[in-house]
Every structure is written in C-alpha cells, then in structure tokens.
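Counting from 1, the numbers follow the sequence of the chain as shown. All values reported here derive from a predicted model rather than from experimental measurement.
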Amino acid sequence: MFKLWSEQNNEAKQLLSPNLDLRSWDDLSNEEKEKMWNFLKEWFNREDDPRVLLAIIHLNEVHKFRSYARATLEHPSPRSSSADFKNIFFNESRHVVLECLSCFCKSVLDERRRDSGRIYRHDYDSDEEYMEALTRWRFNEFDKFTERINDVFEHFSINLILTRSGFIDRQDPKVVQEIYVPVLNFLSLPKWRDVNRDLSDAFKEYQIKTAQSYSNCITHAVSGVQAFLQILVHEQTGGEYGISNLIKQAQEKGLIPEDKFSNAIFKNVETILMGERGKTGDAHPKQEYANEKNARLVLNLIMIFIQHCIQK
C-alpha cells in the first residue's frame with residue numbers, strides 16, 4: 001500500500017499536522033474559523049437546503065429575547081438564514097455557535113424522523129431488528145455530519161466531539177471511539193429514550209463547568225444508569241429499585257454477565273456511584289459540591305458500566 005510521506009516520517013507529520021493543546025471555540029482566530037467554514041460549508045452554505053432555515057428559525061424561537069438570527073426573524077428565507085448561520089459561526093461566542101450547530105443537528109434528525117424511507121417491518125424477523133434498522137436509517141445523515149465535524153474539530157483541537165446525544169467533552173480518542181460512541185449509538189434506539197435523556201442532561205451540565213453543574217451532572221448520570229437497568233429488567237422506568245437490586249435481578253434473568261470479573265466491576269462501580277451521588281449529587285442533601293474530576297469519573301464509569309452490560 002502506498003504511503004504518504006507524513007505516514008513514514010514523524011518529523012514531517014508533526015510539521016504538517018501539529019498536535020495542538022485542546023482549546024475552546026472562543027480561542028480560535030478568524031483565519032482558523034475561515035478554514036473550518038470552508039471544510040464544513042457543504043453542509044451549511046446551500047440556500048436550497050431547508051435544514052439551515054429550520055435550524056435558524058428554531059434558534060430564534062427558543063431564544064426569543066436574544067434573537068440571534070435577525071435577518072431571518074425579519075425576512076424568513078433560505079438566503080437570510082444562510083447569511084445568519086454564517087454570521088453566527090464567525091462572530092458569536094462558543095455557546096451561541098454550539099447552540100446553532102445543535103439546532104442544525106436537530107433539523108437533520110427531524111427530517112429523517114418524519115420519513116421511514118424504505119425500512120418496512122415485514123422485511124425483518126423481529127420488532128427489535130426492525131427498530132435497529134430504522135434507527136440506523138434515521139441517523140444515517142446525522143452520522144455523516146458527525147464524522148465530518150468531528151474530523152474538522154480534531155484537526156483544530158476543539159475540545160468537543162459530537163455524538164448522537166449531543167456535544168460532549170473530547171477525551172482520549174480510544175476512550176471515545178471504543179466506549180462513548182458505541183454506547184451512545186446503542187442508546188439512541190427509542191427503547192432507551194429516558195436513559196438517553198438523562199445522560200444528555202448530564203453532558204450538558206458537565207459543560208457548564210460550575211460546582212453546581214458538576215453536582216447536577218452526577219445526579220443525572222446516576223439516574224441514567226438506574227433508568228437503564230429498570231428498562232433492561234422491567235422494560236419501563238419507575239418503581240423503587242436501587243441499583244444493586246436491579247443488577248441482581250438482571251443477572252438472575254441472564255441479561256448481564258454474572259462471572260467473577262463482572263461481579264467485581266459491578267460492585268465497585270455501584271459503590272463509587274452511590275458514594276459520589278450521596279456526597280456531591282443533588283438527589284439528597286449533599287455534603288459538598290462536585291468538581292470536574294468527580295463528574296468526569298462518574299461519566300466514564302457509567303459509560304464503561306453500560307458498555308459491559310450490552311456486550312453480553
């Protein structure tokens with residue numbers, strides 16, 4: 001197989017694609033934003049694409065006081081929305097840009113959600129196989145956009161990645177690709193809607209980066225694990241079922257591993273999660289506020305826990 005020079009020479013690779021420290025959107029220069037726009041504009045710069053217009057209208061609708069897209073507010077049209085989108089990308093702060101990108105993602109998903117394509121129930125042996133195929137089709141366009149924007153973000157060392165649950169903080173690529181992405185893709189099935197909601201809320205709170213938000217993050221994350229086990233065991237959420245009891249029931253039904261190694265993992269994860277929720281979460285009067293390290297530990301443990309369960 002033919003190799004590029006940079007694939008054979010580390011010095012050349014570092015010169016051509018330097019490793020930058022992770023940074024926020026607000027740290028980018030105008031020149032860097034211009035480069036990023038040119039790599040992404042195939043998704044945003046088409047006046048005939050209704051998804052940009054719908055994204056901008058939605059942004060104005062949920063943030064009426066600010067009304068970031070003034071041209072579209074006054075004269076709704078594909079041209080005005082395209083101009084507003086580009087203006088936000090270049091001139092607004094991190095939170096506004098990420099909100100605008102999130103609205104675009106929602107438009108992409110909504111477009112597919114209204115149409116089942118050529119995915120028919122009679123082509124599949126079970127409801128589960130049908131729902132998996134339908135979910136893959138509905139996320140197909142979104143996953144293409146995710147792959148593109150994550151690649152661009154990585155090259156510019158932006159400290160976020162896009163997943164089916166929204167933007168989350170960038171971590172070691174191996175952790176993201178082998179744990180976070182497979183778990184969040186699995187949870188995008190309609191069956192796990194309540195779990196996905198709790199985890200999405202946890203990721204949002206984590207990115208606010210305050211003592212209160214880290215405590216909120218832990219509370220939502222542990223609720224997500226509890227919801228996951230409730231649905232796994234009882235096919236619905238609700239009821240007074242603690243995590244240890246739900247793990248035991250899931251093992252008795254053969255739904256999750258019961259070997260010695262798995263039991264040790266489950267016991268340690270449960271101890272840490274319950275300890276953190278009791279000490280820093282908001283489900284009960286907390287002893288202290290959480291910090292970024294606590295919250296990240298809980299999120300990573302929860303992802304590993306769910307991954308181990310679904311790999312059975």
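Nearest heavy atoms, Phe85 versus Phe104: CE1-CB, 4.1 Å. Listed here is the closest heavy atom pair of Ser188 and Thr135: OG-CG2, 3.7 Å. Between Glu292 and Lys209, the closest heavy-atom pair is OE2-NZ, 3.7 Å. When all heavy atoms of Arg138 and Leu109 are compared, the pair lying nearest together is O-CD2, 4.1 Å. Residue Ser262 comes nearest to Asp259 through the heavy atom pair OG-OD1, 2.7 Å, listed as atom of the first residue, atom of the second, then distance. Glu178 and Gln307 get closest at one heavy-atom pair: O-NE2, 2.5 Å.
With Gln251 contributing its side chain and Pro257 its backbone, the two residues share a donor-acceptor pair below 3.5 Å. Side-chain atoms of Arg121 come within 3.5 Å of backbone N or O of Tyr124 as a donor-acceptor pair. Ser81 places no side-chain N or O within 3.5 Å of a backbone atom of Ile56 that could act as its donor or acceptor partner. When atom types are taken as modelled, the side chain of Asp84 and the backbone of Thr72 share a donor-acceptor pair closer than 3.5 angstrom. Without hydrogens or angle criteria, Ser6 side chain to Lys13 main chain gives no donor-acceptor distance under 3.5 Å. Here the side chain of Ser67 pairs a donor or acceptor atom with the backbone of Lys64 at under 3.5 angstrom. The backbone N or O of Ser157 lies less than 3.5 Å from no partner atom in the side chain of Arg170, so there is not a single donor-acceptor pair. Not a single donor-acceptor pair under 3.5 Å links the side chain of Lys33 to the backbone N or O of Leu28.
Contact of the Asn294 side chain with the Tyr214 side chain is not registered, since no non-hydrogen atoms from C-beta on lie closer than 4.5 Å. Contact of the Lys35 side chain with the Phe156 side chain is registered, since non-hydrogen atoms from C-beta on lie closer than 4.5 Å. With a 4.5 Å cut-off on side-chain heavy atoms, Ile256 and Phe266 count as touching. Taking the side chain as every heavy atom from C-beta outward, Ile88 and Leu59 approach each other to under 4.5 Å. Within the 4.5 Å cutoff, side-chain heavy atoms of Glu99 are placed close to those of His63. Between Glu147 and Asp151, every side-chain heavy-atom pair lies at or beyond the 4.5 Å cut-off. The side-chain heavy atoms of Ile231 and Thr237, taken from C-beta on, include a pair separated by under 4.5 Å. When side chains are defined from C-beta on, Leu160 counts as touching Gln207, because their heavy atoms get closer than 4.5 Å.
Checked against a 6.0 Å centroid threshold, the rings of Phe44 and Phe145 count as neighbours.
Taking CG of Asn9 as the start and CG of Leu4 as the end, the distance is 12.0 Å to the nearest 0.5 Å. With rounding to the nearest 0.5 Å, the separation of CG in Asn185 from CD in Glu132 is 12.0 Å.
Annotation: cation-pi pair Arg164/Phe139 present, NZ/CZ under 6.0 Å from the ring centroid and within 45° of its normal.
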Determine, step by step, whether Trp25 and Phe89 satisfy the ring pair (Phe, Tyr, Trp, His ring centres under 6.0 Å) criterion, reporting the C-alpha distance in whole Å, the side-chain angles of both residues, the deciding distance to 0.1 Å, and the verdict. CA-CA 10 Å; Trp25 179 271; Phe89 189 93; 5.0 Å; yes
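Ion pairing between Glu141 and Arg51 holds under the 4.0 Å rule for side-chain N and carboxylate O. Salt bridge Arg23/Glu32: present, at least one basic N to carboxylate O contact under 4.0 Å.
One side chain, Gln171 or Asn300, offers a donor N or O that lies under 3.5 Å from an acceptor on the other.
Grouping the Ile, Leu, Val, Met, Phe, Trp and Tyr side chains by contacts below 4.5 angstrom, directly or via other members, places Ile161 with Phe186.
By the 30° and 60° cut-offs, the orientation of the rings of Tyr180 relative to Phe203 is tilted.
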